[in-house]
Amino acid sequence: MPLPSTLNSLADKHYAELESLYSDCTSHWTPEFIEQLKAVLALSPFCMQVLQRDAEFVQVLPDWLSRDVDSIDYRASLAEQLATCNDEPQGLRVLRKTRNREMFYIAWRDFLGLWDVEPSLTQLSELAESLIVEAYNWQYTLCCNLWGTPVDEKGVPQPMLVIGMGKLGGGELNFSSDIDLIFTYPENGETQGARRSIANAQFFTRLGQRVIKALDQQTFDGFCYRVDMRLRPFGESGPLVMSFSALEDYYQEQGRDWERYAMVKARVMGKEMYPQYQSLRKMLRPFVFRRYIDFSAIQSLRRMKGMIRSEVRRRGLTDNIKLGAGGIREIEFIAQVFQLIRGGREPQLRERGLLITLKAIDDLQLLDDGQATQLADSYRFLRRLENLLQALDDKQTQTLPQDDLNRLRLSYAMGYEDWSQLSAAVSDNMLQVHSVFEQLIGDEEEDSDVAVPRHFAEMWDNAADRELVISVIESDLGHPAAESLTRTIIEFKQELSKRTLGPRGREVLNHLMPKLFEKAFSNADVEFGLPRVLHVLNRISTRTTYLELLDEHPGALSQLVRLCTASPMISELLGKYPILLDELLDPAHLYNPVELSSYKRELRDFLARIPQDDMEQQMEGLRQFKQVCILRIAAADIAGALPVMKVSDHLTSLAEAIVDAVVHQAWLQLSEKYGEPSHLAQRDGKGFAVIGYGKVGGWELGYNSDLDIVFLHDSPLDSYTDGKKEIDARQFYLRLAQRIIHIFSVRTASGILYEVDTRLRPSGASGLLVSPTEAFLEYQLQEAWTWEHQALVRTRMIYGDEPLQNAFTDIRKQVLCQVRDSNKLRKDVVDMRVKMRDHLGGKKAGRFMLKQDPGGITDVEFIAQFLVLDLAHKHPELVTWSDNVRIFETLAQLDIFTQTQQQALNLAYTELRDEIHHRNLLNQDADVDEARFTEHREVIKTAWKQWLETEN
């Protein structure tokens, strides 16, 4: 696009001035180069000034500007030049000339559109880092010559680490930006090698002052960067340099919210310093990225946004593309919200760069479709505009120009025909950014109470006044259970008075409680729901971030009240594991459990965020995944979105996915130590199987079910592991099973994974923990009791490779399809049923025990088991399935059951199981009034009498 006439005249004028100064150079320049140079001189007075002050630079200008970006090594060139400096003024001149020349190169490429904005920001940041590090290296040597080398108590030399903050740390520096730095050093000690030692702290303070001067001081050649040290601990009143331990103490004890945001982008200058910095970064990570989801970030960012808005108004800033509505700062805020809220759990969100953070936000689907991409596009547009704006005169400004000449310059450089087009594009981009920002963060003033009736606030503010609270509940709310509800509220507030909440926690609670009361009292079952919700609040009261989550998100508060009112089990789950509160934010997600076929994939993706070798966090991740899934299944169950069969299907698929992951983790640990069994070299898989018995075997898991499992392997006797520490393969599988049980049973911060019962293995608790397949078959054929064959009916392999799957299927079929004496079998089954009823009894007057009483669930299971064991030799189809419902369907297909009987039995069975599921949600025992389920019980009793009380 040709230069507009105004700029063309300016270009000719500036080039003529340059030609008069350096005619011996310009005569060798090509017409193409001259045209490019004219355009840049017309667009940037800064570039003209650089050439006017630096004759040596003009002589090499074409070669300098034709360099490939990837070939530029700022540090090597600087180090070489500084090493030959005889005095400080000479060193300052080297730094400034390098800075000006390289900034000319960057401006040249910016104005001519020879690269995108991202490489421009990268080069600006790399140049700044190089100038900082080489200024430090130069001054460190000079200081050591004067005062000796700083060392720790072991005599190891100590460096000073220069930490770049803000855009410098994020690798996104502006064209004309301040640099925000923090200085620190590893250990206290004294200098060595000089006539008089000084403390390390004194040495590094002097060094820091000299580094700042080297970069900041104005000379004839200008300056490198304005250095801002106010982000250091205690700000301007704090020491210029602090040790690692002093830095850690400050951030852990006194660090403020804005310092957390600043630390997200913190990066040590100089790759050689990375090893030193890792220990400091590890120390500071808990301060920056909270382990739990931290919703305090939103409120804090709102306050910061409000302060910035006030500053914009106070200073009369208009047309500001950084601080204005929809400006660069709002994009940064959006990214920081997710980094600070979720960075403790999502490693992808711990990156410093904004664009890579937006990509992670998009990958994690934390914004609506397309929003992260739009934000990234707007960020690139505004940062390019900001760079060009600052490159006009090398001035730190984000305010769009008011004069026609600079407006014309910017419009042309951005590729627009005139200012009106550019201005419209700016408005459009900022409008889209502000829309996302308002949706996510909003304004602090918008957070005021919205029509919460005053009497709810009165109840909370005056909770100590029993009569007043009773009056409000009776008169204003018209609820008959005023006495018990008042007692609940008073006891809750008294309990809170014993806790250390802090001023922020109390402020949030005072804001939250009226809203909570309003939602709780709108539910007919408030008498049950309110104590459960307050139980959760009591458990999380010292974790202000969770209170803020509920205060910030009315939808989450509504879901909490709804779920706790419906289920004390859920209130206990949320109280124990508050991290689950995050799930309440998205009802569409909450009430839609994982697809049945996707649990293994979802769990793999969930665990992929955790380093594979961090076993403690891997175990914690398994538990968190289970809790999230249980919550979502229960929520869907309460909402009526899942029938009982589907609830069990989900709980069983979840358990299978977890078994798969646990075996994988245990295998990694064992194989790292011992290698793998040698017989696996010629095949895929692990030669190991987990057999599910009982509820997991029959696809009938409940919320509180244990896992009844048995372990098998198919290792030959002569197999050994192939690792450095060789052991017998069968010993390997024994240790594998022990490790699996440990992973399931060990209690972490998130509790245990599942109660695991392996007593159904051959010979019970006294038998081998892992059985070879041939030994398992021999035991089942020669030694097993009838009840063990009954148990085998409800089995299936829930983990294992194909050879073992085939072997177990054959074993199960062979055992179950044996010809048996019907009368003996019937007697064995009935005797076991009586024994169970006597052992597990405890009849309550007027109550029907859903599992153990005649006509209950266990009778249904025994009927199915008897018929499979009695008839499978004639009808092998009966061993296809391990669940009762499909066994009964098969019996109907074989005309052993009538369709009516099959349907009636399945209906009775599923209705009783459904009742147990719901009683689990209510934390109630598995018994009901004996007047209930009479028809279903008669159906079951009739079938029992037909098959198990008649001798043929």
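- Panel note: side chain T357, backbone G353; a donor-acceptor pair is recorded below 3.5 Å.
- Salt-bridge annotation for E56 and R101: present, with a side-chain N of the basic residue lying under 4.0 Å from a carboxylate O of the acidic one.
- Of the charged side-chain nitrogens involved, at least one lies within less than 4.0 Å of a carboxylate oxygen, so that D12 and K38 count as a salt-bridged pair.
- Residue E32 qualifies as open at atom CD: its count of foreign heavy atoms under 6.0 Å is 12 or below.
- Looking at heavy atoms from C-beta onward, V211 lies out of side-chain contact with W138 at the 4.5 angstrom threshold.
- Two residues are said to be in side-chain contact when any heavy atoms from C-beta on lie closer than 4.5 Å; Y140 and M160 fail this criterion.
- The number of heavy atoms from other shown groups lying within 6.0 Å of CD (E19) is above 12.
- To the nearest 0.5 Å, atoms CE (M430) and OG (S378) are separated by 10.0 Å.
- Judged by a 6.0 Å distance limit and a 45° cone about the ring axis, R232 is not positioned over the six-membered ring of F183.
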Any chance you could lay out the side-chain contact (heavy atoms from CB on, under 4.5 Å) test for L400 and L385, step after step, and finish with the verdict?
CA-CA 9 Å; L400 295 175; L385 180 59; 3.9 Å; yes

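- Shown here is K97, whose NZ atom has more than 12 heavy atoms of other residues, nucleotides or ligands within 6.0 Å.
- A cation-pi geometry, defined here as NZ or CZ lying under 6.0 Å from the six-membered ring centre and within 45° of its normal, holds between R67 and Y105.
- S20 places a side-chain N or O within 3.5 Å of a backbone atom of E17 that can act as its donor or acceptor partner.
- Under 4.0 Å is where a charged nitrogen must lie from a carboxylate oxygen, and between R75 and E129 no such pair does.
- A donor-acceptor contact shorter than 3.5 Å links the side chain of S66 to the backbone of D63.
- The main-chain N or O of G170 is never found under 3.5 Å from a side-chain atom of R352 such that the two would form a donor-acceptor pair.
- You'll find the side chain of F104 reaches within 4.5 Å of the side chain of L51, heavy atoms only.
- Using modelled atom types, no side-chain atom of S197 and backbone atom of Q192 make a donor-acceptor pair closer than 3.5 Å.
- Donor-acceptor pairing under 3.5 Å is recorded for the side chains of Q402 and D319.
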Can N137 and L78 be said to form a side-chain contact (heavy atoms from CB on, under 4.5 Å), step by step?
CA-CA 10 Å; N137 287 336; L78 274 167; over 6 Å; no

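- Side chains of Q209 and Q139 form no contact here, defined as non-hydrogen atoms less than 4.5 Å apart.
- Ion pairing of R53 with D221 is absent here, as no side-chain N (NZ or NE/NH1/NH2) approaches a carboxylate O to less than 4.0 Å.
- By the 4.5 Å heavy-atom criterion applied to side chains, Q421 and S411 are not counted as neighbours.
- Residues E351 and K265 are not paired through a salt bridge, judged by the lack of any N-O separation under 4.0 Å between the basic side chain and the carboxylate.
- In this model, a donor atom of one side chain and an acceptor atom of the other lie less than 3.5 Å apart for N387 and S120.
- Using modelled atom types, one side-chain atom of Q90 and one backbone atom of N86 make a donor-acceptor pair closer than 3.5 Å.
- Taking 4.5 Å as the limit, some side-chain heavy atom of N174 sits within range of a side-chain heavy atom of Q398.
- Looking only at atom types and distance, the side chain of D404 has no donor-acceptor partner in the side chain of W419 under 3.5 Å away.
- Ring pair F204/Y185 is parallel by interplanar angle, where below 30° counts as parallel and above 60° as perpendicular.
- Remark: the E259 side chain and the Y250 side chain contain an N/O donor-acceptor pair separated by less than 3.5 Å.
- Residues F46 and F175 bring their aromatic ring centres within 6.0 Å.
- With contacts defined as side-chain heavy-atom distances shorter than 4.5 Å, the pair T149/F203 does not qualify.
- Between D394 and S176, the side chains place a donor N or O and an acceptor N or O closer than 3.5 Å (distance only, hydrogens not considered).
- Judged by distance alone, the side chains of N406 and R409 do bring a donor and an acceptor atom under 3.5 Å apart.
- In this structure, R267 and Y274 have side chains that are in contact, with non-hydrogen atoms separated by less than 4.5 Å.
- Closest non-hydrogen pair, L349 versus A360, comes out as CD2-CB, 3.9 Å.
- A donor-acceptor pair under 3.5 Å is absent between the side-chain atoms of D54 and the main chain of V50, judged by distance alone.
- The pair K322-E386 does not meet the salt-bridge criterion, since no charged nitrogen lies less than 4.0 angstrom from a carboxylate oxygen.
- When the shell of 6.0 Å around CG of L65 is examined, it contains more than 12 heavy atoms from other residues, nucleotides or ligands.
- With a 6.0 Å radius and a threshold of 12 heavy atoms from other residues, nucleotides or ligands, R230 has its CZ atom at or below the threshold.
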Go through the steps to decide whether V268 and V162 satisfy the test side-chain contact (heavy atoms from CB on, under 4.5 Å), and finish with yes or no.
CA-CA 6 Å; V268 71; V162 181; over 6 Å; no

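- Side chain of T191 to main chain of W147: a donor-acceptor pair is present (N/O by atom type, distance under 3.5 Å, no hydrogens or angles).
- Side-chain atoms of Q81 and S77 form a donor-acceptor pair, as typed in the model, at a separation below 3.5 Å.
- Considering all non-hydrogen atoms of both residues, V40 and C47 come closest at CG1-SG, 3.8 Å.
- Taking the six-membered ring for Trp and thresholds of 30 and 60 degrees, W29 and Y15 have ring planes inclined between 30 and 60 degrees apart.
- Here the side chain of D393 pairs no donor or acceptor atom with the backbone of K395 at under 3.5 angstrom.
- Residue R196 places its CZ atom among 12 or fewer non-hydrogen atoms of other residues, nucleotides or ligands, all under 6.0 Å distant.
- Ring pair F33/W108: centre-to-centre distance below 6.0 Å.
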Show your working on side-chain contact (heavy atoms from CB on, under 4.5 Å) between M229 and L240 and close with a plain yes or no.
CA-CA 8 Å; M229 300 297 297; L240 186 65; 3.9 Å; yes

